[in-house]
Asks: 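Just dropping this structure here.
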Amino acid sequence: MQISPQQVLDALKNVEDPDLKKDLVTLNMIKDLQITDNQVSFTLELTTPACPMKDMLKNACTNAVKHLVSPSAEVTINVTSRVTQPTNSTSLDNIKNIILVSSGKGGVGKSTVSSNLAVVLAKDGAKVGLIDADIYGPSVPTMFDLVDAKPGAEETADGKTKILPIEKYGIKLLSLGFFADPGQPVPWRGPMASNAVKQLFNDTNWGELDYLIVDLPPGTGDIHITITQSFPISGAVVVTTPQQVALADTHKGLAMFRMPGINIPILGVIENMSYFTPEELPENKYYIFGKGGGTKLAERFDVPFLGEIPIVQGIAEAGDSGKPVALNQNPLLDGIFGDIASKIAQQISINNAQMVNC
């Protein structure tokens, strides 16, 4: 008996996205269904290329067709993605999701985290931009080997001048460090710094982006308030280290996003420098700064704990050489950064879906 499209769709209605809590047909994730004899092919369109459950969903679709339609069906599934965006995204229409990477304290590794998350998302196939908004010590020029680089500019049809971000490793990059002499301090006043950061958003030709990651300066100052109140933010990632002195400051930084007038979704907490592990002995873990602080912080605020990043010599060496470690084939770190990036993309998809259903 000829397999009908309706039979296939009815079978796929039994496959539910575990995050969005609806079946794939209702979510309009099944595209381009084609049937020839016993050959069934379709596209599974996910909400992010970094979906951590893509293989599970693909297998579930195959099993549903074989068990509920025909055991002899030959199922071919092409997995693609269409990144969603918040329903309140009223400006910066070409940028679907803005992700803030923050901490109440300096020196916890926000730039390292931001750079490697951008690299992982770009490797997964997302269109990614990265803004280095740290006015006190912009690190992105060093981490991408762009210390002396200067962005270009173009004139638009209406006579305005737009900054052209620098592209490297598949990521569009802008840093306040690109506009200053690397060897000279820049005494930013609050309003001047805020205006400069706003220009990185408004006066730049970013093109189409799925994710724009923003590496914020430490603390809870003018830059944070300007960005959170001027642009539609999909969520914030909070980076800490295990020590109590870092956790105390990070607690304040996390609480800032829940203040009235800011109210930014918290995507989760990352604990950096969680433990030392020799690269030649990856099973050995030495918790030299304490243990579990990031997990406790996430539990205190009832937000996801995204993962632990160890102290590994290769991370620092990669950043100093201008090649973020996520570019390298390091199984341990690839897995860690890949898992964290997938959880962040997953949380954004859940939040965006909840906004649609409200």
Side-chain angles (χ1 to χ4, degrees), residues 50-56 101-124 137 139-140 142-145 169 213 215 218 237-251 253-254 266-301 303-347:
C51 177
M53 295 173 294
K54 63 178 71 174
D55 291 334
M56 182 272 288
V101 179
S102 175
S103 176
K105 184 176 179 60
V108 299
K110 292 187 303 301
S111 297
T112 296
V113 170
S114 300
S115 299
N116 284 287
L117 289 180
V119 166
V120 170
L121 290 170
K123 282 169 60 177
D124 283 335
S139 302
V140 162
T142 298
M143 292 189 168
F144 285 84
D145 193 21
Y169 308 135
I213 297 173
D215 178 14
V237 175
V238 177
V239 182
T240 188
T241 51
Q243 307 99 309
Q244 286 302 315
V245 65
L247 287 166
D249 290 336
T250 307
H251 183 285
L254 200 157
I266 308 297
L267 302 174
V269 173
I270 297 171
E271 185 181 273
N272 194 25
M273 308 180 207
S274 294
Y275 52 88
F276 169 69
T277 183
E279 293 200 51
E280 66 277 11
L281 298 169
E283 300 302 318
N284 291 25
K285 298 181 180 180
Y286 304 94
Y287 292 87
I288 55 181
F289 295 137
K291 186 176 181 180
T295 305
K296 293 175 183 176
L297 181 67
E299 290 174 350
R300 192 179 309 154
F301 282 87
V303 299
F305 180 68
L306 300 172
E308 298 178 337
I309 301 172
I311 301 172
V312 176
Q313 185 176 353
I315 295 178
E317 290 177 346
D320 289 344
S321 67
K323 294 182 178 180
V325 73
L327 289 167
N328 306 329
Q329 298 304 308
N330 182 309
L332 171 66
L333 298 173
D334 282 354
I336 289 172
F337 282 113
D339 184 54
I340 291 172
S342 294
K343 288 178 180 177
I344 291 171
Q346 180 183 34
Q347 195 60 45

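Residue numbers count from 1 along this sequence. It should be emphasised that the depicted structure is a prediction, and the values quoted were computed from it without experimental measurement.
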Asks: Are the side chains of Pro242 and Tyr287 in contact, using a 4.5 Å heavy-atom criterion?
Replies: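 Not in contact.
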
Asks: Are any of the side-chain heavy atoms of Leu121 and Ile213 separated by less than 4.5 Å?
Replies: yes

Asks: List the atom pairs, with distances to 0.1 Å, where a side-chain N or O of residues 303-322 and a protein N or O form a donor-acceptor pair under 3.5 Å, not counting sequence neighbours.
Replies:
unit_1	atom_1	unit_2	atom_2	d
Gln313	NE2	Glu317	OE2	2.7
Ser321	OG	Glu317	O	3.2
Ser321	OG	Ala318	O	3.0

Asks: For Asn284, does its backbone N or O pair with a side-chain atom of Thr277 as donor and acceptor, under 3.5 Å?
Replies: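 Yes, Thr277 side chain to Asn284 backbone: donor-acceptor pair under 3.5 Å.
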
Asks: Distance from Asn272 atom CG to Thr112 atom OG1, nearest 0.5 Å?
Replies: 6.5 Å

Asks: For Gly294 versus Thr240, what's the shortest heavy-atom pair and its separation?
Replies: CA-CG2, 4.0 Å

Asks: Can you tell me which residue pairs pass the side chain to side chain donor-acceptor pair (under 3.5 Å) test with a partner in residues 113-122, sequence neighbours excluded?
Replies: none

Asks: Check the pair Phe289 / Thr241 against side-chain contact (heavy atoms from CB on, under 4.5 Å), numbers first and verdict last.
Replies: CA-CA 8 Å; Phe289 295 137; Thr241 51; 5.6 Å; no

Asks: List the atom of Val120, the atom of Ala326, and the distance in Å for their closest heavy-atom pair.
Replies: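 Closest heavy-atom pair between Val120 and Ala326: CG2-CB, 3.8 Å.
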
Asks: Identify the heavy atoms of Gly293 and Glu271 that sit nearest to each other, and give their distance.
Replies: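 Heavy atoms only, the tightest pair is N-OE1, 3.3 Å.
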
Asks: Evaluate the side-chain proximity of Val325 to Phe337: yes if any heavy-atom separation is below 4.5 Å, no if none is.
Replies: yes

Asks: Which heavy atom of His251 sits nearest a heavy atom of Leu297, and at what distance?
Replies: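 What the structure gives for the nearest pair is CA-CD1, 4.0 Å.
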
Asks: Going from CE on Met273 to CD1 on Ile288, what distance comes out if it is rounded to the nearest 0.5 angstrom?
Replies: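 The CD1 atom of Ile288 is 10.0 Å from CE of Met273, to the nearest 0.5 Å.
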
Asks: Check Ala50 against Ala345 and note the closest heavy-atom contact, atom names and distance.
Replies: CB-CB, 3.9 Å

Asks: Going through the distances and angles, do Lys123 and Asp334 end up as a side-chain contact (heavy atoms from CB on, under 4.5 Å)?
Replies: CA-CA 11 Å; Lys123 282 169 60 177; Asp334 282 354; 4.3 Å; yes

Asks: Could you check if a side-chain atom of Ile266 sits within less than 4.5 angstrom of a side-chain atom of Phe301, using non-hydrogen atoms only?
Replies: no

Asks: Could you measure the distance from the NZ atom of Lys291 to the OH atom of Tyr275? Nearest 0.5 Å is fine.
Replies: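 Lys291 atom NZ to Tyr275 atom OH measures 10.5 Å (nearest 0.5 Å).
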
Asks: To the nearest 0.5 angstrom, please state how far the CD atom of Gln243 sits from the OG1 atom of Thr250.
Replies: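 If I round to the nearest 0.5 Å, the distance is 9.5 Å.
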
